[in-house]
A.B. asks: 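My structure is below; once you've seen it, I'll send some questions.
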Protein chains: 2
Amino acid sequence: MKYRKIPNETVRRLPVYLRGLAQLSQQGVFSVSSSKLADFVNINAWQIRKDFSYFGDFGTRGVGYSIERLSKQIKKILRLDTLHKAAVIGAGNLGSAVLAYPGFRTYGFDIAAAFDSDPEKIGKNINNIVVEDVSRLNALRKRQVDIAIIAVPEKAAQQVTDSLVRAGIKGILNFSPKRISVPKKVKVITIDIASDLARLPYYIPSG
Amino acid sequence: MKYRKIPNETVRRLPVYLRGLAQLSQQGVFSVSSSKLADFVNINAWQIRKDFSYFGDFGTRGVGYSIERLSKQIKKILRLDTLHKAAVIGAGNLGSAVLAYPGFRTYGFDIAAAFDSDPEKIGKNINNIVVEDVSRLNALRKRQVDIAIIAVPEKAAQQVTDSLVRAGIKGILNFSPKRISVPKKVKVITIDIASDLARLPYYIPSG
DNA sequence: CTATGTGAATTTATTCACAGCA
DNA sequence: TGCTGTGAATAAATTCACATAG
């Protein structure tokens with residue numbers, strides 16, 4: 001293997017592989033070929049092999065990949081081998097859903113705190129987490145939280161973002177459709193639910 | 001303009017333009033140039049012009065684009081000019097959040113029904129919609145619902161999908177991380193929240 | 001003989017640079 | 001002059017095909 005820039009699309013697929021491997025592992029399987037994994041996660045076998053090849057030789061020719069070894073490698077690449085603490089900002093419907101969402105455990109995240117500005121919500125216990133006042137966001141640095149999930153109304157998004165940046169947050173999962181500005185050292189990944197829904201009709205044959 | 005295949009990525013951006021235009025319109029603006037819109041939605045001006053050029057000549061040289069005209073065109077392309085009724089399957093945390101999500105109105109969707117299998121939830125009123133028994137999914141065809149949003153636990157996803165397909169659903173927004181199989185006439189767009197969170201640490205400098 | 005790993009070919013998407021119209 | 005629309009150039013990602021290792 002020699003060095004090549006890793007495509008963004010490859011990085012996007014790695015978590016999918018990781019989850020597939022976790023499921024296979026739970027089924028008691030120890031080894032898998034690229035074509036088996038392909039069926040399982042619905043991505044072509046050659047794509048899988050190409051993706052892995054950017055990082056090194058993970059498999060054994062004629063045999064396949066060791067699920068444990070491969071999972072460890074992917075976790076390492078994605079930096080999921082160290083614990084990441086995350087905070088949820090906004091304890092409304094979406095924020096509560098995120099707090100209760102079981103899917104994050106798979107990747108080893110610790111959802112460690114929740115914040116809101118509404119006095120009605122502050123102090124409430126959601127899924128074993130007590131909602132704190134959003135004015136205390138600056139304490140996140142000392143609590144070693146480096147990831148934030150923004151689930152606040154659109155108009156509050158930028159202000160919250162600014163506070164998060166000041167609190168030393170390094171990565172943001174943003175559910176607000178509003179573009180948010182951050183210094184370039186901070187990585188933002190946006191999930192724009194309404195836009196995704198909005199392109200569905202395009203693919204639906206009319207009539 | 002001459003015919004060219006429309007890139008998927010272009011389709012992905014159209015809803016973003018549409019929302020930007022709606023916001024500008026609300027600010028009382030009637031006309032916008034590609035570079036103004038570029039600032040607003042955070043996409044390059046040349047990208048915007050190229051995207052529009054796939055569909056025809058929307059602008060006026062030297063002037064820019066009429067916001068009303070352009071919005072209408074994009075809605076037509078995305079088939080958002082006809083009403084689409086959508087149903088939410090799963091009235092848990094995520095489903096409830098979706099039911100209450102204000103962002104769909106922007107694109108003219110009518111969230112018309114909600115379903116769950118849990119007797120505790122059936123009959124509950126969430127955001128003015130009464131949760132129905134999931135066994136009644138087959139009535140969706142006659143109610144002219146053509147889009148479904150799946151917010152059920154992973155293990156129920158495929159079964160629910162099969163029912164939806166039988167009920168004549170044409171498009172699915174899928175929040176379940178499990179791959180779901182559908183006949184190819186049905187379009188699925190998946191939002192995989194956990195995977196998106198999982199690639200954040202990759203972009204965060206270690207240490 | 002099987003399944004990986006990877007150059008090369010192809011396809012897709014982005015970026016540029018500027019001709020052409022208002 | 002200002003801003004669109006678009007070929008051509010570049011870059012990125014996917015797909016192929018096969019040499020190579022176990």
Side-chain angles (χ1 to χ4, degrees), chain A residues 1-17 20-21 24 29-74 77 199 202-203, chain B residues 1-17 20-21 24 29-74 77 199 202-203:
Chain A
M1 165 250 192
K2 68 178 188 218
Y3 180 80
R4 286 209 223 65
K5 196 187 155 296
I6 289 121
N8 268 313
E9 296 302 308
T10 295
V11 177
R12 171 169 280 125
R13 283 185 293 265
L14 290 180
V16 178
Y17 299 146
L21 291 169
L24 284 166
V29 184
F30 291 97
S31 173
V32 70
S33 68
S34 59
S35 56
K36 280 266 185 51
L37 184 57
D39 289 346
F40 206 72
V41 299
N42 219 25
I43 295 174
N44 297 319
W46 58 76
Q47 181 77 83
I48 292 177
R49 293 203 301 275
K50 176 66 92 176
D51 283 343
F52 293 164
S53 81
Y54 290 113
F55 301 101
D57 299 3
F58 293 168
T60 310
R61 289 172 201 239
V63 180
Y65 299 91
S66 146
I67 288 180
E68 198 194 330
R69 191 167 116 76
L70 183 54
S71 299
K72 268 210 186 96
Q73 298 274 12
I74 296 178
I77 294 162
R199 69 202 162 85
Y202 177 83
Y203 296 101
Chain B
M1 166 250 190
K2 68 179 191 219
Y3 180 80
R4 285 210 223 65
K5 196 187 154 295
I6 290 119
N8 268 312
E9 296 303 308
T10 294
V11 177
R12 171 170 279 125
R13 283 184 292 265
L14 289 179
V16 177
Y17 299 145
L21 291 169
L24 284 165
V29 185
F30 291 96
S31 173
V32 70
S33 68
S34 58
S35 57
K36 281 264 184 54
L37 185 57
D39 288 348
F40 206 73
V41 299
N42 219 25
I43 294 175
N44 297 320
W46 58 77
Q47 182 77 79
I48 292 177
R49 293 203 300 276
K50 175 66 93 178
D51 283 343
F52 292 165
S53 80
Y54 291 114
F55 301 101
D57 299 4
F58 293 167
T60 311
R61 289 168 201 240
V63 180
Y65 300 90
S66 146
I67 288 179
E68 198 193 329
R69 191 168 117 77
L70 184 53
S71 300
K72 268 210 186 97
Q73 298 275 11
I74 296 178
I77 295 161
R199 68 203 162 86
Y202 176 83
Y203 296 100

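Predicted model only: the values in this text are computed from it and were never measured. Each chain gets a letter, A, B and so on, in the order the sequences are listed, and its residues count up from 1.
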A.B. asks: Nearest to the side chain of B:E9, which nucleotide is it out of C:dT6, C:dT14, C:dT4?
C.D. replies: C:dT14
A.B. asks: Quick check for you: to the nearest 0.5 Å, what is the distance between B:F58 atom CZ and B:I74 atom CD1?
C.D. replies: 7.0 Å
A.B. asks: To the nearest angstrom, how far is B:L70 atom CG from D:dG5 atom C1'?
C.D. replies: 14 Å
A.B. asks: Using a 3.5 Å distance criterion without hydrogens, assess whether the side chain of A:S66 forms a donor-acceptor pair with backbone atoms of A:R69.
C.D. replies: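 A pair under 3.5 Å: yes.
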A.B. asks: Would you name the heavy atoms of B:V29 and B:I67 that are closest together and state the gap between them?
C.D. replies: O-CD1, 3.6 Å
A.B. asks: Tell me what A:Y65 touches on the nucleic acid: a base, only sugar-phosphate, or nothing, going by heavy atoms under 4.0 Å.
C.D. replies: sugar-phosphate
A.B. asks: Rounded to the nearest angstrom, tell me the gap between atom CG in A:L37 and atom C1' in C:dT4.
C.D. replies: 13 Å
A.B. asks: When we call it a touch if two heavy atoms are under 4.0 Å apart, what does A:K5 touch: a base, just sugar-phosphate, or nothing?
C.D. replies: nothing
A.B. asks: What are the two closest non-hydrogen atoms of A:L37 and A:V32, and how far apart are they?
C.D. replies: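 Nearest pair, atom of A:L37 first, then A:V32: N-CG2, 3.7 Å.
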A.B. asks: Over all strands shown, is B:S34 touching base, sugar-phosphate only, or nothing at heavy-atom distances under 4.0 angstrom?
C.D. replies: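 If one applies the 4.0 Å heavy-atom cut-off, B:S34 turns out to touch the sugar-phosphate alone, with no base involved.
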A.B. asks: Atom CG of B:N44 to atom P of C:dT15: distance rounded to whole Å?
C.D. replies: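 The answer, rounded to whole Å, is 6 Å.
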A.B. asks: DNA chain D: A:G62 or A:I6, which has the more 5' nearest nucleotide?
C.D. replies: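 Its nucleotide being nearer the 5' end, the pick is A:I6.
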A.B. asks: Can you measure A:I48 atom CD1 to D:dT15 atom C1' for me and round it to whole angstrom units?
C.D. replies: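 It is 14 Å, rounded to the nearest whole Å.
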A.B. asks: Could you state the atom-to-atom distance from CZ of A:R49 to C1' of C:dT2 in whole Å?
C.D. replies: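 Atom CZ in A:R49 sits about 11 Å away from atom C1' in C:dT2.
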A.B. asks: What's the spacing between B:S33 OG and B:D39 CG if we round to 0.5 Å?
C.D. replies: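 So the OG of B:S33 and the CG of B:D39 are separated by 8.0 Å.
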A.B. asks: For A:D51 and D:dA13, what is the distance between atoms CG and P respectively, to the nearest whole Å?
C.D. replies: 11 Å
A.B. asks: Between atom CZ in B:R12 and atom C1' in C:dT14, what is the gap in whole Å?
C.D. replies: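 After rounding, the reported distance stands at 15 Å.
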A.B. asks: Of the listed nucleotides (C:dG5, C:dA19, C:dA13), which one gets closest to any side-chain atom of A:D57?
C.D. replies: C:dG5
A.B. asks: With a 4.0 Å cut-off on heavy atoms, is B:F52 in touch with a base, just the backbone sugar-phosphate, or nothing at all?
C.D. replies: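 Nothing: the residue B:F52, judged by heavy atoms under 4.0 Å, touches no strand.
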A.B. asks: Rounded to the Å, how far apart are B:I43 CD1 and C:dT14 C1'?
C.D. replies: 13 Å
A.B. asks: Between D:dA13, C:dG5, D:dT15, which nucleotide gets closest to the side-chain atoms of A:R61?
C.D. replies: C:dG5
A.B. asks: How do B:V63 and A:R13 order along DNA chain D: which one's closest nucleotide is nearer the 5' end?
C.D. replies: B:V63
